[in-house]
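Below: one structure, written as structure tokens.
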Amino acid sequence: MMKATVLLCAALMLLLSGTFTEESEVVPFNVMVNNSLMGLAPVTFSTDVFPRGILLGGLRRLMASNGDFKFSYKEDPNYGPFLESVNGVAGNNNDHTYWELLVKTPDGEIKRPDVGIGCYIPSPNEKIILKFSKW
């Protein structure tokens with residue numbers, strides 16, 4: 001009886017793990033790095049997250065799969081993670097620069113989300129814009 005229970009649990013775990021990792025279950029989106037302040041042309045990357053997955057996870061997945069994309073972030077105790085640098089370029093208080101998070105929806109609307117990379121949940125086929133900006 002014990003072996004049957006163990007086998008049943010193992011089979012159930014395999015079945016459930018397949019549910020969470022099927023490629024058809026991912027939410028595809030693009031990430032555009034826009035650093036026109038330094039005269040660089042925008043670069044677009046493709047990545048994805050699992051349904052209801054956060055942007056931070058998608059950025060980590062992109063960095064792990066593409067050596068041309070790197071980012072770092074800081075964890076603020078009050079507001080959570082925020083972008084610190086993208087592709088080796090960091091915001092600077094003296095220069096009044098930072099990485100702005102924008103989202104271009106599939107219908108072309110560009111919006112500024114009211115949450116950051118640790119809470120934003122990408123929708124299918126959105127373009128996440130990481131824009132080096134001045135304040």
Side-chain angles (χ1 to χ4, degrees):
M1 180 69 169
M2 180 74 152
K3 284 185 181 181
T5 304
V6 170
L7 287 174
L8 182 60
C9 287
L12 184 59
M13 286 177 55
L14 285 173
L15 198 70
L16 288 176
S17 69
T19 302
F20 295 117
T21 60
E22 289 180 18
E23 285 298 314
S24 63
E25 293 291 323
V26 297
V27 175
F29 64 96
N30 292 316
V31 175
M32 178 199 296
V33 177
N34 185 345
N35 187 348
S36 60
L37 289 180
M38 297 181 79
L40 301 174
V43 181
T44 302
F45 304 92
S46 296
T47 190
D48 52 54
V49 292
F50 291 113
R52 306 291 302 153
I54 59 173
L55 177 56
L56 180 58
L59 294 176
R60 286 177 177 157
R61 181 180 282 190
L62 175 56
M63 186 166 66
S65 67
N66 189 322
D68 292 332
F69 178 80
K70 293 175 181 44
F71 80 104
S72 66
Y73 65 95
K74 278 192 175 179
E75 187 76 33
D76 182 276
N78 297 304
Y79 301 107
F82 67 93
L83 277 176
E84 183 176 44
S85 71
V86 177
N87 290 342
V89 178
N92 183 306
N93 284 335
N94 293 332
D95 295 336
H96 301 279
T97 56
Y98 72 105
W99 284 98
E100 182 177 17
L101 174 61
L102 300 169
V103 176
K104 184 174 183 180
T105 61
D107 65 2
E109 178 187 0
I110 295 179
K111 60 184 181 176
R112 181 177 290 116
D114 58 358
V115 295
I117 61 172
C119 293
Y120 187 76
I121 298 172
S123 295
N125 305 312
E126 282 184 329
K127 181 179 279 188
I128 304 300
I129 303 168
L130 307 178
K131 183 178 179 185
F132 198 53
S133 300
K134 282 192 165 276
W135 51 274

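Residues Trp135 and Asn93 have side chains in contact (heavy-atom distance under 4.5 Å, counting atoms from C-beta outward). The closest side-chain heavy-atom distance from Val103 to Ile110 is not below 4.5 Å. Between Tyr98 and Ser133 the shortest side-chain heavy-atom distance falls below 4.5 Å. Contact check for Asp68 versus Val43: no side-chain heavy atoms found under the 4.5 Å cut-off. Under the 4.5 Å side-chain criterion, counting only non-hydrogen atoms from C-beta, Phe45 is not in contact with Ile128.
The CG atom of Leu56 sits 13.0 Å away from the CZ atom of Phe82 when rounded to the nearest 0.5 Å. Here the CG atom belonging to Asn87 is positioned 11.0 Å from the CE atom belonging to Met38, to the nearest 0.5 angstrom. Taken from CH2 in Trp99 to CD1 in Ile117, the straight-line distance is 12.5 Å, to the nearest 0.5 Å. Annotation: the span from Leu83 atom CG to Leu59 atom CG amounts to 6.5 Å, rounded to 0.5 Å. Interatomic distance, Ser85 OG to Tyr73 OH, rounded to the nearest 0.5 Å: 12.0 Å. Taken to the nearest 0.5 Å, the CD1 atom of Ile129 stands 11.0 Å off from the CZ atom of Arg112.
Scanning all heavy atoms of the two residues, the minimum distance from Leu102 to Lys131 falls at CD1-CD, 4.1 Å. In this structure, Pro122 and Leu55 approach most closely via the heavy-atom pair CD-N, 3.8 Å. Residue Gly80 comes nearest to Glu75 through the heavy atom pair CA-OE2, 3.5 Å, listed as atom of the first residue, atom of the second, then distance. Between Gly57 and Val49, the closest heavy-atom pair is C-CG1, 4.3 Å. In terms of heavy-atom proximity, Ser123 sits nearest to Glu126 at N-OE1, 3.0 Å. In terms of heavy-atom proximity, Arg60 sits nearest to Phe71 at N-CE2, 3.7 Å.
Looking only at distances, a side-chain donor or acceptor of Lys134 sits under 3.5 Å from a matching main-chain atom of Asp95. Between the side chain of Asn30 and the backbone N or O of Met32 there is no donor-acceptor pair closer than 3.5 Å. Looking only at distances, no side-chain donor or acceptor of Asp76 sits under 3.5 Å from a matching main-chain atom of Pro81. Judged by distance alone, with hydrogens and angles left aside, the side-chain atoms of Thr47 form a donor-acceptor pair with the main-chain N or O of Gly58 at under 3.5 Å.
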#### Entry: Derivation and outcome, side chain to side chain contact (heavy atoms under 4.5 Å, CB included), residues Phe69 and Val86
CA-CA 8 Å; Phe69 178 80; Val86 177; 4.1 Å; yes
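In terms of hydrophobic clustering, with Ile, Leu, Val, Met, Phe, Trp and Tyr side chains grouped at heavy-atom distances under 4.5 Å, Val26 and Ile121 are assigned to different clusters.
Judged by the 6.0 Å and 45° rule, Arg61 forms a cation-pi pair with Phe50.
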